[in-house]
Amino acid sequence: MKIQFWGTRGSIPVPGKNTLKFGGNTPCVQVLSKNKELLILDGGTGIRELGDKILIDFPDGVEINILISHTHWDHIHGLLFFRPFYFDKYKINLFSNENNGMSVENILTAQMHPNFFPVSIDNFKAEVNYFPIAEKQNYFFEELQIKTINVHHSHGTLSFRVCEGDKNFVYMTDNELYYRPPEEYPALESIAKNNNDLIDFATGTDLLIHDSTFNVKDYPKRIGWGHSNNISAAMFAYLAKVKSLYLFHYDPIYKDEDIDALEKECLGKLRDLNADLFCKASYEGLALEI
Ligand SMILES: [Zn+2]
Ligand SMILES: [Zn+2]
């Protein structure tokens, strides 16, 4: 299974000289199975460039499954610029939790109201199907299998465990790892105690993509915002015995050097824990195979 990052930033796109290394696009991760089954996690602005690549790689059309973790702007605001929607040779299946009674179809239709966007949903030429998904379910595609769980974020936000044979990874963006007291440096025992269902969900995975919006110093000013700091993410990965951790969903105010520091602090913490765990700050364009 191949995994590629097309957007790693949280909240709002931040292009410019301060974000050249890690990129400024909002969340979008592409998954390609061995037989080229195509899955996309989230429709942040990174999905625009991915759409253009799909037009080149699959000129005769392909079925595309898009899973939306939740419908906050930063996870959907690239969708309307995903060009396969506007070609009849593509089949696009959109999966999302019906959050507060609003399906992703309702949300897309609202986004395409003429006050907000010049093109209406009637201009989609692709076959577009909408599927509600929920937590603690299994969804089976041809080769890929998805498991879901609710995370600590706005109501109904989902994390996905993606499996192909004996390979699997977890995409857990927009998740606040709890510990007490949250004003202080995280304690391993408290992370274990307050996040045990999520630890079970991620246990033993080959690769974990986890929210690392803040550094441990800035986090106390952001308690309750639904996002984690880098050290609690590292501890969580250690407790879940994952093989590798990729930091994700960075605060838009962070420059490249701040994200380098997030990674460095995590590596230091993992060394202190004697953890046999690879850790890297994800960046736009990073492509992996598990
Ligand atoms: Zn987000
Ligand atoms: Zn969010």
Side-chain angles (χ1 to χ4, degrees), residues 3 5-15 19 22-30 40-50 66-82 94-104 106-108 110-111 132-135 148-160 162 169-178 182 195 198 201-202 208-215 218-219 221-230 232-233 236 245-254 258-259 262 281-284 286:
I3 299 162
F5 293 86
W6 292 84
T8 62
R9 186 70 52 169
S11 306
I12 189 167
V14 279
T19 59
F22 292 95
N25 280 304
T26 51
C28 181
V29 173
Q30 176 192 10
I40 298 171
L41 306 175
D42 278 336
T45 55
I47 203 171
R48 185 196 64 79
E49 199 177 344
L50 169 56
I66 304 179
L67 276 76
I68 304 292
S69 63
H70 64 309
T71 52
H72 281 166
W73 281 117
D74 52 328
H75 298 259
I76 58 167
H77 58 187
L79 275 178
L80 303 183
F81 296 89
F82 185 64
L94 264 168
F95 298 83
S96 172
N97 208 341
E98 290 214 348
N99 206 352
N100 300 317
M102 229 177 155
S103 70
V104 74
N106 297 145
I107 286 168
L108 271 184
Q111 268 190 306
I133 53 174
E135 76 145 347
T148 57
I149 193 167
N150 274 346
V151 292
H152 308 154
H153 194 66
S154 73
H155 177 70
T157 302
L158 294 171
S159 165
F160 304 116
V162 183
F169 80 95
V170 167
Y171 176 76
M172 196 176 282
T173 184
D174 296 58
N175 176 46
E176 183 165 3
L177 291 164
Y178 296 145
N195 304 279
L198 299 182
F201 185 77
L208 168 68
I209 298 170
H210 197 279
D211 186 321
S212 178
T213 299
F214 306 117
N215 63 39
D218 289 343
Y219 173 71
K221 292 171 265 171
R222 311 277 188 267
I223 295 164
W225 286 28
H227 296 291
S228 295
N229 65 65
N230 57 336
S232 55
F236 176 78
L245 166 66
Y246 286 82
L247 308 179
F248 192 68
H249 198 281
Y250 314 116
D251 190 312
I253 67 165
Y254 286 170
D258 299 317
I259 298 170
L262 291 181
S282 65
Y283 57 87
E284 249 173 75
L286 175 61

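Indexing begins at 1, ligand by ligand and atom by atom, following the structure's order. Predicted, not measured: the structure shown is a model, and the values here were computed from it.
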Check: His227 ring centre within less than 6.0 Å of His153 ring centre: yes
Leu67 side chain reached by Thr148 side chain, heavy atoms, under 4.5 Å: no
Main-chain N/O of Asn25 paired with Glu284 side-chain donor or acceptor, under 3.5 Å: yes
Flag, side chain of Thr213 to backbone of Asp251, donor-acceptor distance under 3.5 Å: no
Neighbour count >12 (heavy atoms, 6.0 Å) for atom CD, Glu49: no
Short side-chain donor-acceptor distance under 3.5 Å, His77 and Thr26: yes
Within-2.8 Å protein N/O/S contacts of the Zn ion (ligand 2): His70 NE2, His72 ND1, His153 NE2, Asp174 OD2
